[in-house]
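This report refers to the structure that appears directly beneath it.
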Amino acid sequence: MSNRRRSAIVLGLVLILLALSGWAIANKPTVLGLDLQGGTELVYEAIPTPQNPDIDQDDMNRAIEIVRERVDALGVAEPEIAPIGERQISVSLPNVENADQAIALVGDTAQLYFYDFEGGPEEGVPNVIPQDPDVEDPSSRPYNRLYDAVTAASKRKPECYQDLCTTNGPTYYLFDSKTLELLAGPTERRSDLFLPFGGERPPNSEIKTVPQGTVVLRAEPAEDNPNTESIDESENARGWYVLRDRPELTGDEIRNPEQNFDQFNQPIVTFEFTDEGRKAFQKVTERIALRGQAQAPPGLCSSNPGAAPGFSGSFAVVLDGEIQSRPIIDFCENPRGIDGRTGAQISGIGSLQEAQDLAKVLRIGALPVKLQLISETQVSATLGAQALNEGLVAGIVGLIIVLGFLVAYYRFLGVVAGLGLLVYAVYFLALIKVIPITMTLPGIAGTILTIGVAADSNIVIFERIKEELRKGKSMLSAIAVGYRRGIATILDANIIILLTAFILFVLATAGVKGFAFTLGIGTVVALFTAVLFTQAILAMLGRSKILRSPRFLGASDEQKIKWEFDFTGASKWFFTISGIILLVGAIAFATKQFNLGIDFESGSRITAGLAKPATVEEVRQALTDAGIEGAESAKIQIVESDQLENAVQIQAGIDPDQAAEVRPVLEEEFGLAGAEGGEEAYESTTVGPTFGEQIARTTAIAIAFSLLVICIYVAIRFEAKYAVPVLIALIHDILLTAGVYALVDREVTSATVAALLTILGFSMYDTIIVFDRIRENVPRMPRAAFSQIVNRSMSEIMTRSIITGLSSVFVLASLLVFGGETLRDFSFAMMVGVASGFYSSIFIATPVLTHWKEREPAYRARRQQILETMGYVPTFPEQNVVAKVDEERGERPVPAGVAAGGPAGAGAEGAAAEEAAGEPAGGGPGPRGAEASPDASAGEEDERARKRKETAAKAARRASGRKRRRKHGRPR
């Protein structure tokens, strides 16, 4: 099959795919993430329970199913519930801005227990523990303060009677040691007490530990009010009770819970019992009835049955640590207890919505594990639309700038590259809709960055074509050779980007996963358009008049910029510059540390558009009055925004459970407004310490694993010694970027992490270009010192490296200027990394490789021979005279490049002779035996040159014969 026919088939395939892509774009919806359309994202961590001390995959799958059913009951359209790691669950709720209801419904464990209040399973031992042993009715004397109840409970000994405990160990409370106000708890993990305080124990605090087997319960929401008197005599005050933790039934033994109303038209939840539950309920109520009969005067039921409730016992219905109701068992009406056939009810719930939510949760079932909220994010639709608009503008501007640059520099080749980028954009947008890919702000960043990847692939090939044209090759030959020699470099560089994207996708958090996925998909599509589509177009037009002039392709007869510089000789200066920069960064890090964002430090960041102006102190006072923890030390600032008026940003150590309370406070005090009178603008991101620790841990693992994978790949594709300079250069880039962040005190976020890992891939792009040219030139210069091979290789690819770097800079600049806060964080880190990667590839990795390779015996012998001949080692191999000249024989010195077939890229004759002789022009160093010995005699070199000429002459004669036969139509 001829090249033109193959190219026509490729173009036909491209057109078919374009048509299909256009249909997909027109008919498939685009799935937007929460940061672009608004909504709430909750991240939970699973914690073992006494009933389930060892969490396995089945437990997590069941928890995800229950959470999904609860979300469906909430009526959310297209929610996304997904596991994160082994013990975390991410819940994305589009267009849900009521975080309070979402948190209460989704993460509520809904653990329902029934206690025999005055008695218990152990005969003669009541569950309720009175504060005064002399009181005849302990239920009539609850503790008025939570602190007193917890203190009394903490003095109990641990136990777990008949394995009936509801906790897996002790329970912890955190109090203010001065006001005795509850600061945090109860929780089964001591470290969770410090979640609202950035993971650190607050000053003037006291920890109380309640041992296993004892619980502290209250019949109203477990919230201590510091403004109440020591004795709260309000109507709803029911105090706190200390009980032995010995429940008789659990929520697993009920069925068909429904929301109903009692005779006073108050909302209740009614339910039935399972067979096992009915038996257990009948047993406990019978015990309570018999105990009431024993305490009542004889004949009470016949003489005065109305007095029976005064002697009857009760059982407590407890939901998530709160006594919801405590009905009595009238022994006159039910002398043998209640068999449970008619079910039971829960009263005293509160509002109608709370009763409906409780019925839904009980109907779906209790979670097999306890879910601890560790991260919460809220974004209003207004701010989501603003972020989407900023991302689209940044992407369009970046694409236009790159297209303009390619056309200006490469002329017609730039037009072809532009067509390739447009085809890439259509394909990629279609894939986003077909897969579908949920587009987020990090995903937009990855999409825009792939524009640079696609441009870089074209640049590598186009520079190769220009080189071949300068050597005097025909247009078709230059195109064929340019693509053949450029494809290896492109594949190596893009495979490394794909590897880092894969590692990022596997180990990173949900937001960064979107970036990694779009970067990986975009890189694959960019390879297709850059390699197949543009090659097919150029192959079809190779014989046309359009491509007859090399100048029309931006290729002049002589290279305009020649890099005649001793790169390896100046390496000590480059090492010194890097050392100074790294030293400054180390000093900045030691003195200023990193400005870690809430992704690592935990806490909350809230941005809101207020309906009326407010000062910083007014906002702080409103939060303080509402009892928001950390409001006094919060960082509050009035920010300028083109989209919002009266925009305020709050950053404080607020835990995920309490962060949802900030919005109603701001709404009540100042009102919330949107852009130009639109929907309310509100965005909240809250991260707990455990989630921050996970991000930091996975970041370190991802960086280390990426370094390892990249080094292994380089060692396989090149050789083992090439991997060490790569590792040094990559560590140099990471340290330099980190030093810049410490120096300028810029906040480190999860976007910074994504940028750091992406830097590893992009830094390797220039390194691969340099190393690939060195590998190609090694067999072509068998008598040159390694430093000379490196200098020649770097002088040949310097322009190409600068241009590939510029294409990335243009894209990142559009993100930095037009993107929102998240995109700016990412682009700033990437901008620093790209600059550092270019520098380290040219001036760190390559000199390190040179110093190491120069120690090999073969290269050491070459260098010694050049020194003996000339007294010094020239910068470039074509300047060598490596054969000692016997002046008495009148022999002319032989330049090293000519003896080896000419310096690569320096003279057209040597390269043409190699190509005609069938020698490899690149793509691998070949076996060591193929290289000329550094101490080979002049006679041996002459013999090799003669054989090469004979081979070239035979190849030329064969080619001429084939041409004549084709011209006269004769068979071969």
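The shown structure was predicted, so the numbers you read here are calculated from the model rather than taken from an experiment. Computed from heavy atoms alone, side chains included, the values below leave out hydrogens, waters and symmetry copies.
The shortest non-hydrogen separation linking Leu727 to Cys711 is CB-SG, 3.6 Å. In this structure, Leu815 and Ser827 approach most closely via the heavy-atom pair CB-CB, 3.6 Å. Taking each heavy atom of Leu519 and Ala501 in turn, the nearest pair found is CD2-CB, 4.3 Å. Closest approach of Val834 and Gly805 over heavy atoms only: CG1-O, 4.3 Å. Among all heavy-atom pairs drawn from Leu498 and Gly520, the shortest one is CD2-O, 3.4 Å. Between Ala539 and Leu476, the shortest heavy-atom distance links the atoms O-CD2, 4.2 Å.
Side chains of Val790 and Val770 form no contact here, defined as non-hydrogen atoms less than 4.5 Å apart. Counting only heavy atoms from C-beta outward, the side chains of Leu499 and Phe705 never approach each other to under 4.5 Å. In this structure the side chain of Leu17 reaches within 4.5 angstrom of the side chain of Phe528, judged on heavy atoms. Side-chain contact between Leu421 and Leu406 is present, with at least one heavy-atom pair separated by less than 4.5 Å. The shortest distance between side-chain heavy atoms of Phe412 and Val407 does not fall below 4.5 Å. Using a 4.5 Å heavy-atom threshold, the side chains of Leu849 and Phe771 count as touching. Contact check for Phe838 versus Ile802: side-chain heavy atoms found under the 4.5 Å cut-off. Between Leu18 and Val14 there is a side-chain heavy-atom pair separated by less than 4.5 Å.
From Ser801, atom OG reaches atom CD1 of Ile769 across 5.0 Å, with rounding to the nearest 0.5 Å. With rounding to the nearest 0.5 Å, the separation of CD in Glu468 from CE in Met475 is 12.0 Å. One distance of note links CD1 of Ile490 with CD1 of Ile459; it measures 10.5 Å at 0.5 Å rounding. Note: Ile451 CD1 to Leu399 CG = 5.0 Å, rounded to the nearest 0.5 Å. The line from CD1 of Ile521 to CD1 of Ile435 is 4.5 Å long, rounded to the nearest 0.5 Å. Within the model, atoms OG of Ser21 and CG of Leu431 stand 7.0 Å from one another, a figure rounded to the nearest 0.5 Å.
In summary, the side chains of Tyr839 and Asp733 do not present any donor paired with an acceptor at a separation below 3.5 Å, with no hydrogens or angles considered. Using a 3.5 Å distance cut-off with no hydrogens or angles, the side chains of Asn494 and Thr523 do not pair a donor with an acceptor. At a cut-off of 3.5 Å, with distance as the only test, a side-chain donor of Asp772 or Thr489 sits close to an acceptor on the other residue.
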For side chain to side chain contact (heavy atoms under 4.5 Å, CB included), just list the numbers for Trp563 and Met794, CA-CA rounded to whole Å, side-chain angles, deciding distance to a tenth of an Å, and then say yes or no.
CA-CA 8 Å; Trp563 300 91; Met794 292 175 69; over 6 Å; no
Residue pair Arg775, Glu719: steps toward the side chain to side chain contact (heavy atoms under 4.5 Å, CB included) verdict:
CA-CA 10 Å; Arg775 177 177 62 180; Glu719 60 177 272; over 6 Å; no
Stepwise side chain to side chain contact (heavy atoms under 4.5 Å, CB included) test for Val10 and Gln535:
CA-CA 9 Å; Val10 171; Gln535 183 181 19; over 6 Å; no
Could you go through the side chain to side chain contact (heavy atoms under 4.5 Å, CB included) check for Val714 and Thr767 one step at a time?
CA-CA 10 Å; Val714 171; Thr767 307; over 6 Å; no
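When each of Arg485, Arg800, Lys473 is checked for a salt bridge (Lys or Arg N to Asp or Glu O under 4.0 Å) with Glu467, only Arg800 meets the rule.
Judged by distance alone, with hydrogens and angles left aside, the side-chain atoms of Thr529 form a donor-acceptor pair with the main-chain N or O of Ala526 at under 3.5 Å. Of the possible polar contacts, one joining the Lys433 side chain to the Lys28 backbone as a donor-acceptor pair under 3.5 Å is found. Of the possible polar contacts, none joining the Ser836 side chain to the Val832 backbone as a donor-acceptor pair under 3.5 Å is found.
Relative orientation of the Tyr741 and Phe828 rings is perpendicular, given thresholds of 30° and 60° on the angle between their planes. Ring geometry, Phe517 versus Phe505: the interplanar angle falls from 30° to 60°, so the pair is classed tilted. Ring geometry for Phe574 against Phe565 counts as tilted: the plane angle lies between 30° and 60°, on a 0 to 90° scale.
Comment: Glu463 does not engage Arg773 in a salt bridge, judged by the lack of any side-chain N to carboxylate O separation of less than 4.0 angstrom.
Legend: salt bridge (Lys or Arg N to Asp or Glu O under 4.0 Å) pairs involving residues 823-837, not counting sequence neighbours, sorted by first then second residue: Arg746-Asp825. Within the structure, ring-ring contact (aromatic ring centres under 6.0 Å, His included) contacts touching residues 445-486 (residues at least two apart or in different chains) are Tyr410-Phe462. Sorted by first and then second residue, the side-chain hydrogen bond (donor to acceptor under 3.5 Å, both in side chains) pairs with a member in residues 441-450 read Tyr424-Thr450; sequence neighbours excluded.
Take Val397 and apply the side chain to side chain contact (heavy atoms under 4.5 Å, CB included) test, not counting sequence neighbours, and it matches Val393, Ile401, Ser814, Phe818. Scanning for side chain to side chain contact (heavy atoms under 4.5 Å, CB included) contacts around Ile487 gives Leu491, Val531, with sequence neighbours left out. Partners of Leu32 by side chain to side chain contact (heavy atoms under 4.5 Å, CB included), not counting sequence neighbours, listed by chain and number: Thr30, Leu36, Gln37, Leu388, Met439.
For Tyr713, the OH atom sits in a packed shell: over 12 heavy atoms of surrounding residues, nucleotides or ligands are nearer than 6.0 Å.
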